[in-house]
Amino acid sequence: MSEIIAIANQKGGVGKTTTAINLAASLAVAEKRVLLIDIDPQANATTGLGFHRSDYEYNIYHVLIGRKRLSQVILETSLSTLHVAPSNIGLVGVEKEFYDNNTKGRELILKTKIEEIKDQYDYIIIDSPPALGSITINALSAANSVIIPIQCEFFALEGLAQLLNTVKLIKKTINPTLEIKGFLPTMYSTQNNLSKQVFADLKEHFKSKLFLDKESASYVVIPRNIKLAESPSFGKPIILYDVESPGSKAYQNLANSILVS
Ligand SMILES: Nc1ncnc2c1ncn2[C@@H]1O[C@H](COP(=O)(O)OP(=O)(O)OP(=O)(O)O)[C@@H](O)[C@H]1O
Ligand SMILES: [Mg+2]
């Protein structure tokens with residue numbers, strides 16, 4: 001059975017793409033068959049894995065408008081069990097097209113496309129854009145669960161109520177089995193009191209939804225780590241760029257906690 005996990009938070013720059021790439025890669029290194037679907041027009045997950053515009057002709061936009069099947073846009077990566085369905089800035093028009101054409105069942109298009117290939121993967125990770133429009137709705141409608149990265153900085157929890165309401169609404173109307181897989185504190189800095197405060201707030205409100213690393217019996221927290229910021233410019237997940245870095249270890253812990261749950 002494959003598990004479909006959306007990474008979502010309408011706040012920009014909180015670590016969605018970093019989480020999508022590195023969770024996908026860590027699961028792939030654990031010998032799981034993983035597909036990373038990039039449905040953000042910024043295409044950061046695609047470029048972060050080393051693909052440039054000229055490397056692929058078709059992308060998830062063509063899948064969503066029905067011109068290509070998902071299997072026709074999937075690319076292989078340097079990890080043999082990690083595949084990616086790339087995105088492209090052209091995807092920016094898709095929401096307007098859905099709206100203009102009054103496309104029927106537009107919330108469920110991605111889900112339908114995933115159905116065709118789902119059996120070939122153990123995990124499908126979806127990286128979504130920083131918005132709560134129809135692209136993110138498609139991701140949440142297709143997913144079994146959602147991981148919400150929370151940047152351990154000022155205003156971390158701002159907008160969270162809106163996101164949680166959206167998840168609730170989708171659960172009620174389109175996808176009754178959608179679960180919150182967990183909240184993932186990102187860019188945590190031990191020198192920063194604000195980081196500690198954000199983590200304390202998360203623990204107070206969502207303790208049961210934090211990821212637990214069973215080995216160390218501690219919560220999974222992604223540290224602020226320059227290696228995580230550098231690795232996309234080399235087109236590599238952290239596990240292939242600096243496996244011993246704290247960022248790499250943290251994402252491996254996240255993958256482990258998902259594998260044992
Ligand atoms: N743990 C970390 N340590 C250091 N830098 C990080 C970390 N996580 C993410 N970054 C950097 O912070 C920036 C934002 O991260 P990322 O692109 O993953 O966020 P995002 O939520 O996907 O953004 P967007 O909303 O634009 O899609 C990037 O430059 C990334 O390299
Ligand atoms: Mg992103």
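Whatever order the structure lists them in is the order used to number ligands and atoms, beginning at 1. Source: prediction; values computed, not measured.
At a cut-off of 2.8 Å, measuring from the Mg ion (ligand 2), the protein N, O or S atoms that fall short of it are Thr17 OG1, waters left aside.
Backbone and side-chain nitrogen or oxygen atoms of Pro130 are examined, and none is located within less than 3.5 angstrom of a nitrogen or oxygen of ligand 1. Of the N or O atoms in Thr18, one or more lie within a sub-3.5 Å distance of an N or O in ligand 1. Residue-to-ligand polar distances keep Arg224 apart from ligand 1: every N/O pair is separated by 3.5 Å or more. No N or O atom of Ser128 sits closer than 3.5 Å to an N or O atom of ligand 1. Taking distance alone, with nitrogen or oxygen atoms compared against 3.5 Å, Asp127 stays at or beyond that limit from ligand 1. The shortest N or O to N or O distance between Pro232 and ligand 1 is not below 3.5 Å.
Taking a cut-off of under 4.0 Å to the non-hydrogen atoms of Gln42, the atoms of ligand 1 that pass are 24 (P), 26 (O), 27 (O).
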Arg53 and Asn88: CA distance, side-chain angles, deciding distance, side chain to side chain contact (heavy atoms under 4.5 Å, CB included) verdict:
CA-CA 8 Å; Arg53 264 184 95 154; Asn88 177 275; 3.3 Å; yes
Under the side chain to side chain contact (heavy atoms under 4.5 Å, CB included) rule, what do Leu163 and Ile148 come out as? Steps first, then yes or no, please.
CA-CA 9 Å; Leu163 175 59; Ile148 302 175; 3.7 Å; yes
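Remark: Glu76 engages no residue in a salt bridge (Lys or Arg N to Asp or Glu O under 4.0 Å) (not counting sequence neighbours).
Contact analysis leaves Thr186 out of contact with ligand 1, as no non-hydrogen atom separation drops below 4.0 angstrom. Assignment of Gly13 to the shell around ligand 1 is supported, since a heavy atom sits closer than 4.0 Å. Heavy atoms of Ala250 stay at 4.0 angstrom or farther from ligand 1.
Taking all atoms of both residues into account, the shortest heavy-atom contact from Ile60 to Asp38 is CG2-O, 3.2 Å.
Of the candidates Leu228, Ile238, Val14, Asn225, Asn225 brings a heavy atom nearest to atom 4 (C) of ligand 1. Between atom 1 (N) of ligand 1 and the options Pro149, Gly247, Pro223, Pro246, the minimum heavy-atom separation is to Pro223.
Distance check for atom 28 (C) of ligand 1: every protein heavy atom is found at 4.0 Å or beyond.
In this model, no donor atom of one side chain and acceptor atom of the other lie less than 3.5 Å apart for Asn256 and Gln252.
Taking the six-membered ring for Trp and the full ring otherwise, the centers of Tyr121 and His83 sit less than 6.0 Å from each other.
For atom 17 (O) of ligand 1, the nearest non-hydrogen atom of the protein is Thr17 CB, 4.0 Å.
Cation-pi geometry between Lys32 and Tyr123 is not met: the NZ or CZ atom fails to fall both under 6.0 Å from the ring centre and inside 45° of the normal.
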